[in-house]
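So the structure is just underneath, and the comments pick up after that.
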Amino acid sequence: MTVRIVSWNINSITARADRLAAWIEANTPDVVCLQELKTTTEAFPAQRFNDAGYAVAAHGQGRWNGVAILSRVGLDHIQRDLTDQPAFNNATEARAIAATCNGVRIWSVYVPNGRDITDPHYEYKLNFLGALAAEAANRDDSSPYAITGDFNVCPTDDDIYDIDAWEGTTHTTDAERAALNELQETNLTEVYPRALKYDQPFTFWDYRNLDFPKNRGLRIDLLLANPSLMTHVTDAYVDRNERKGKGASDHAPLVVDTNL
DNA sequence: ATGACCGGGGCGCCCGGA
């Protein structure tokens, strides 16, 4: 059978619940990892997804951040926050949740943006990626394992529409890529998706400046898999069509199919 | 298509996003 795993920065579950429900009905994913809920755990519209056959584990905090996992193939051993997750302004933010779904241990993460390389939020971003690597290093590698979500890092210069336009900004620095590399050195490999249009499988296009019509995108939503998951991956793509139209998130869903 | 951002919280010529 095919087990379809999806990661999607939904940019407010409140604003996007109808669109998410319609996408789920049309695309029949088994596991959906969400980021940027922008609401509390209590306010997550779980019932309508329960009614559609999905168990829901949400980890919200209000106005910002928030992550969740929806699954119709089991949702066990839920963990909220990384084991040694760094705080920002003395607060642990809702940026990580894990569960076991159909034998796959999976993390849905929303890595801090970083804002600016001189901002304290940038150091926080690097520390968060470090904590993620520490978390991954302690995993049980005998069964399938994935970390997916919005990493807010372009892995290579080819993962952005114009590397020169982002010189001196976050998302493309050597330090961010080194932190991502440290995570992958725990023996995690990126599942590289197909593009449905153009050459690069971007996952984010800013709402501003007609970035989507002009295809000025970034590839920052990723799925990292351990070897026992990677061997089961059959396909992966970014559903850029979901970025179209009124009421779209600024991120498109990353879809990974497996024969688990 | 000839465009010119969006969501939250709550009315701040706000903040944050990437």
Side-chain angles (χ1 to χ4, degrees), chain A residues 7-20 34-45 58-68 87-89 91-96 108-126 128-129 148-177 179-180 197-198 200-222 238 240-254:
Chain A
S7 180
W8 193 3
N9 179 321
I10 200 72
N11 188 19
S12 169
I13 186 60
T14 308
R16 217 77 58 204
D18 288 347
R19 201 149 168 153
L20 174 61
L34 299 175
Q35 300 88 34
E36 276 210 88
L37 303 180
K38 291 184 170 179
T39 192
T40 60
T41 302
E42 297 71 27
F44 189 100
H59 183 24
Q61 72 170 67
R63 189 173 182 185
W64 309 115
N65 311 314
V67 286
F88 188 70
N89 288 340
T92 300
E93 300 179 322
R95 293 182 175 276
S108 173
V109 300
Y110 178 45
V111 175
N113 170 293
R115 299 180 188 173
D116 186 279
I117 57 174
T118 61
D119 192 294
H121 209 260
Y122 179 70
E123 197 65 31
Y124 172 48
K125 178 181 196 172
L126 297 176
F128 187 94
L129 285 165
T148 192
D150 179 356
F151 283 76
N152 273 317
V153 179
C154 301
T156 73
D157 287 357
D158 205 38
D159 296 314
I160 182 166
Y161 64 96
D162 180 2
I163 187 63
D164 294 331
W166 282 59
E167 188 177 355
T169 72
T170 58
H171 292 66
T172 60
T173 64
D174 289 344
E176 289 164 289
R177 288 176 177 168
L180 182 62
K197 189 178 180 183
Y198 305 121
Q200 295 151 293
F202 295 142
T203 63
F204 165 86
W205 299 260
D206 200 300
Y207 286 124
R208 293 167 289 195
N209 306 315
L210 298 175
D211 277 3
F212 182 63
K214 293 177 182 296
N215 200 36
R216 292 193 287 234
L218 308 180
R219 195 175 74 83
I220 54 177
D221 298 271
L222 314 174
V238 178
R240 80 183 298 284
N241 291 327
E242 183 56 31
R243 180 63 179 79
K244 295 179 179 176
K246 191 172 170 59
S249 170
D250 43 3
H251 294 249
L254 169 65

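None of these values were measured; they are calculated from a predicted model. All values below come from the heavy atoms of this structure, side chains included, with hydrogens, waters and symmetry mates left out. Sequence lines set the chain letters: A, B, ... in the order given, protein chains first and strands last, and positions in each chain run from 1.
Contact annotation: the side chain of A:Val111 never approaches that of A:Val153 to less than 4.5 Å [non-hydrogen atoms, C-beta and beyond].
Between the CG atom in A:Asn152 and the CG atom in A:Leu180 there is a gap of 11.5 Å [rounded to 0.5 Å]. Taken from NE2 in A:His59 to CZ in A:Phe44, the straight-line distance is 13.5 Å, to the nearest 0.5 Å.
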(message) Protein within reach of the bases, or only the backbone? For nucleotides 10-18 of chain B, mark each nucleotide 5' to 3' as B, S or -, using heavy atoms under 4.0 Å.
(response) ----BBSBB
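Under a 3.5 Å cut-off, the side chain of A:Thr203 and the backbone N or O of A:Asp221 do form a donor-acceptor pair.
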(request) Map every base of DNA chain B to its dot-bracket character, where paired means a Watson-Crick or G-U wobble contact with both distances under 3.5 Å and | marks a partner outside the strand. (result) ....((((.....)))).
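Among the atoms of the strands shown, only primed sugar atoms or phosphate atoms (P, OP1, OP2) are found under 4.0 Å from some heavy atom of A:Thr14. Residue contacts shown for A:Arg16 are limited to sugar-phosphate atoms, with no base heavy atom under 4.0 Å away.
Annotation for A:Asp174: atom CG does not count as buried by contact number, only 12 or fewer foreign heavy atoms lying within 6.0 Å.
Side-chain contact check for A:Ser7 and A:Gln35: at least one donor-acceptor pair (N or O, by modelled atom type) lies under 3.5 Å.
The aromatic rings of A:Phe204 and A:His251 lie tilted to each other, with the angle between the two planes from 30° to 60°.
With respect to A:Asp157 and A:Arg177, a salt bridge is recorded, a charged nitrogen being found less than 4.0 Å from a carboxylate O.
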